[in-house]
Engineer: 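Please see the structure below; I have some questions.
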Amino acid sequence: MGYASSGAGRAAHEALLARQDAELRLMETMKRSLQAKMKSDREYALALSAAAAQGQKMDKCEDLNGSLIASAWRTMTEEWENTSRLIRANAEALESRALDRLITLMTERRKTRKVYQEDHTKISSQFTQLTEEVQRKQSEYQKCLESYKQMRAKFEENYLKCKCPTSRGGRKLDETRDKYSKACRRLHRAHNEYVLLLAEATECERALRTAALPSLLDQQKRQGEATAASWKAILLEVVRRSDFSTDKFREIQGRVECTIQNLKPQDEYKEFMEKYKSPPSTPITFTFDESLVEDTSGKLQPNQLTVDNLTVEWLKEKLTELESTLQDNREKQTALHGPEIIGNGVCKNNNTSVTNGVNGVDRHSPPPIPVTASEPTKLLELRVAERKCARQAELIRAALAELGCEEAPSGCPDLSAETVGGDSLDGSSPDHQVSVSEAERSLVEQEWFHGVLPREEVVRLLRADGDYLVRETTRNHARQLVLSVCWGQHKHFIVRTTPEGHYRFEGAAFPSVAELIAWQRASGVPVTARSGALLRRAVPRETWELNNDNVQLLDKIGRGNFGDVYKARLKTTGQEVAVKTCRVALPEEQKRTFLQEGRILKQYQHPNIVRLIGIAVQKQPIMIVMELVPGGSLLTFLRTRAGALGPRPLLAMCRDAAAGMRYLESKNCIHRDLAARNCLVADDHTVKISDFGMSREEEEYIVSGGMKQIPIKWTAPEALNFGKYTSLCDVWSYGVLMWEIFSKGDTPYAGMSNSRAREKIDTGYRMPAPEGCSEEVYALMLRCWEYEAEKRPHFHQIYTIIDNIYNR
Ligand code: ADP
């Protein structure tokens, strides 16, 4: 069944029209979709072009010269631009060659549909017309037939009537005959017309059905196919313009791929290296700046670890810390790489000299750390860290090994220096390694045993080679006995104990230290082979080194900063003395400060300076033994017993104090804490300067650390403001002392806080004269309080002024 034959029916016709409508709708949909696609293609092309432009914004400086990666990237981004252009061209072609054609096709399709519909309607109406004409003719025919029948009946009726003899109507018969004849003619004509019309209609219907309609349908078929062909062409265009695998795209892809594939990583830096090649950098040598140790009296040597009493403990701790770090490091390396790799980077040479370990890069440079390209960075880091620690540990071990059994030498060059060596005077710890045994007890009886005598004093006592003494020190809460010998320099050997409780150095062991020392001296064997030190002359205790057992404490007469002060008796002579004790629990530093007063006082002999009798350092508590000044503290005396005293005895007290201070000034001793509370008064009212805890034997002393516990109201402005102390500072304090004496123990700047007093002084305020104080005495006070130190009188001048006033 052909399109024409099967599509001629009414249903087919309507379906065809519906189909054409649907096609038009599809075309409309395609149009919109293609417009959207073109838009998105154009946008993508634009975005790609922007991305290419972005990618081409490369570093223009020369640093990337010769970089293959950079060049490949440039190619890639250029090809992106080409791709963008292609996509844009395709989008434009899609518009002109597909979309526009589709729109035209739609227009044509609409037109042909309309023509078909019109033609089809025309043919249909012809069919209708024919049918109607036939029906009309048929009804005409029917009417003619009825009229004929009527006329014939009338005629026959009239005819019969006329045949009757009585009929007189011949004329009527004629009329009816005529009518009958006319009706008969009409009927025959209608009949013929009807026959002819039927023939015409039949022919016409056949012509329409077999020729016009099929022709119309055939035309429709052709037009449909033509539309489909155009449509297909349009779709083909769409396909082509959306094809990213066309030759042009493939060429682009090929070019980019080829560029990237041809990248040779090994050539990446070839040109760069050619351009910038330079000789390898020389290793950095870290050298010791020898100027740093120029002023250290040879105590510190370049490139040499210093092992002395100030550093030995620190070095040991550092070694322990390094060893623990090394252990930790090795465990980490094992975890990373297994045990076989460990220690590759470590120089195992333990014989490295202590003296060249730090800067001895050239002579002792360790082998380079083996590093493979694939070795993890973490492992490399661990190896470098290991080497650093191992090197330091080696140096410390070697330095400590050099020391052997010798006690670390003093790190302090000067006997009078404020900071002293690491000797400890505290033997109270229960953990001490060397306990004072029965055998040691006899030590106290040995004339060469000096107890806890500070190392500075020991050094002063040992003058000639072979001079020796034994003393006691504390290290890490453990008491140690130390043999100090002068042998070239001062050497200090720790007395070792064997597991049996015997004593030895490097040679034989003895049950007591006394026997050990006796053997050491008699045998002529050096204390240690390395030191070569021989014992020749035992240095006995000096008279001021008192035996604690010889001091009998009686009554407590005061309380000092470090401990209680007692009235005491020396058993040997029965002499009554004053004894300052130092609390056993005080830290070492404070105990050294306590003894400092004794060291300073030991040198002074003056009626107005409290006299030192000795120090007792054989055992705890350590003591400073002084002359007993029965009146006690001047301040207490002034407040309690000076009520009846007139200006003259008060002036005499001032003169005493000036005499004592004149003596100290002549010895370059700055007291730094002159005040009535630190003076003592004898029965005859003689005043003696006491409490040398803060004293310094220097012309000028600058406090660099914090200024703690400063007696603000007694201290000169330059000392408060700049930490600068001279005897002229003592002069300022002396002015306050005079004021205390004449005010009989009043508190200076009463009612003012320290800071307020300080502020007032800075603005020129000075305390008014005490009651009963003469003008010239007050004038002297004011001179002592001159803000500028140089304007103050010296003590010898003060003494003369007071003496003159007194003698007038
Ligand atoms: P610290 O210097 O430890 O502060 P002090 O020198 O101030 O100790 O002494 C405290 C107290 O002990 C004094 O105020 C005084 O009463 C008494 N005192 C100190 N030394 C003697 C002495 N040599 N004679 C008599 N009493 C003294």
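Numbers for residues simply follow the sequence, beginning at 1. These values consider heavy atoms only, across backbone and side chains, with no hydrogens, waters or symmetry-generated copies. In listed order, ligands and their atoms are each counted from 1.
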Engineer: Applying side chain to side chain contact (heavy atoms under 4.5 Å, CB included), run through Leu483 and Ile494 and close with a yes or a no.
Structural biologist: CA-CA 6 Å; Leu483 168 66; Ile494 297 164; over 6 Å; no
Engineer: Let me confirm one number: the OG1-OH distance from Thr715 to Tyr725, rounded to the nearest 0.5 Å.
Structural biologist: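 Between atom OG1 of Thr715 and atom OH of Tyr725 there are 5.0 Å.
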Engineer: Output all residues satisfying ring pair (Phe, Tyr, Trp, His ring centres under 6.0 Å) with Phe795, sequence neighbours left out; order by chain, then residue number.
Structural biologist: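 With neighbours one apart ignored, the set is Tyr734.
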Engineer: For a quick test of your reading: what N or O donor-acceptor pairs under 3.5 Å do the side chains of residues 637-644 make, sequence neighbours left out?
Structural biologist:
| unit_1 | atom_1 | unit_2 | atom_2 | d |
| --- | --- | --- | --- | --- |
| Arg639 | NE | Gly745 | O | 2.7 |
| Arg639 | NH2 | Gly745 | O | 3.2 |
| Thr640 | OG1 | Thr636 | O | 2.5 |

Engineer: For ligand 1, run through the N/O pairs with the protein that fall under 3.5 Å and put one pair on each line.
Structural biologist:
| unit_1 | atom_1 | unit_2 | atom_2 | d |
| --- | --- | --- | --- | --- |
| ligand 1 | 2 (O) | Lys580 | NZ | 2.8 |
| ligand 1 | 2 (O) | Asp691 | OD1 | 2.7 |
| ligand 1 | 2 (O) | Asp691 | OD2 | 2.9 |
| ligand 1 | 3 (O) | Asn561 | N | 2.8 |
| ligand 1 | 4 (O) | Asn561 | N | 3.2 |
| ligand 1 | 4 (O) | Asp691 | OD2 | 3.4 |
| ligand 1 | 6 (O) | Lys580 | NZ | 2.7 |
| ligand 1 | 7 (O) | Asp691 | OD2 | 3.4 |
| ligand 1 | 8 (O) | Lys580 | NZ | 3.3 |
| ligand 1 | 23 (N) | Glu627 | O | 2.9 |
| ligand 1 | 24 (N) | Val629 | N | 3.0 |

Engineer: Taking only residues two or more places apart in sequence, or in another chain, which ones meet Phe562 in a ring pair (Phe, Tyr, Trp, His ring centres under 6.0 Å)?
Structural biologist: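 Ring pair (Phe, Tyr, Trp, His ring centres under 6.0 Å) list for Phe562, sorted by chain: Phe594.
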Engineer: Which residue in the set Arg471, Glu545, Arg541 passes side-chain hydrogen bond (donor to acceptor under 3.5 Å, both in side chains) when paired with His450?
Structural biologist: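 Going through the options one by one, the only one that passes is Glu545.
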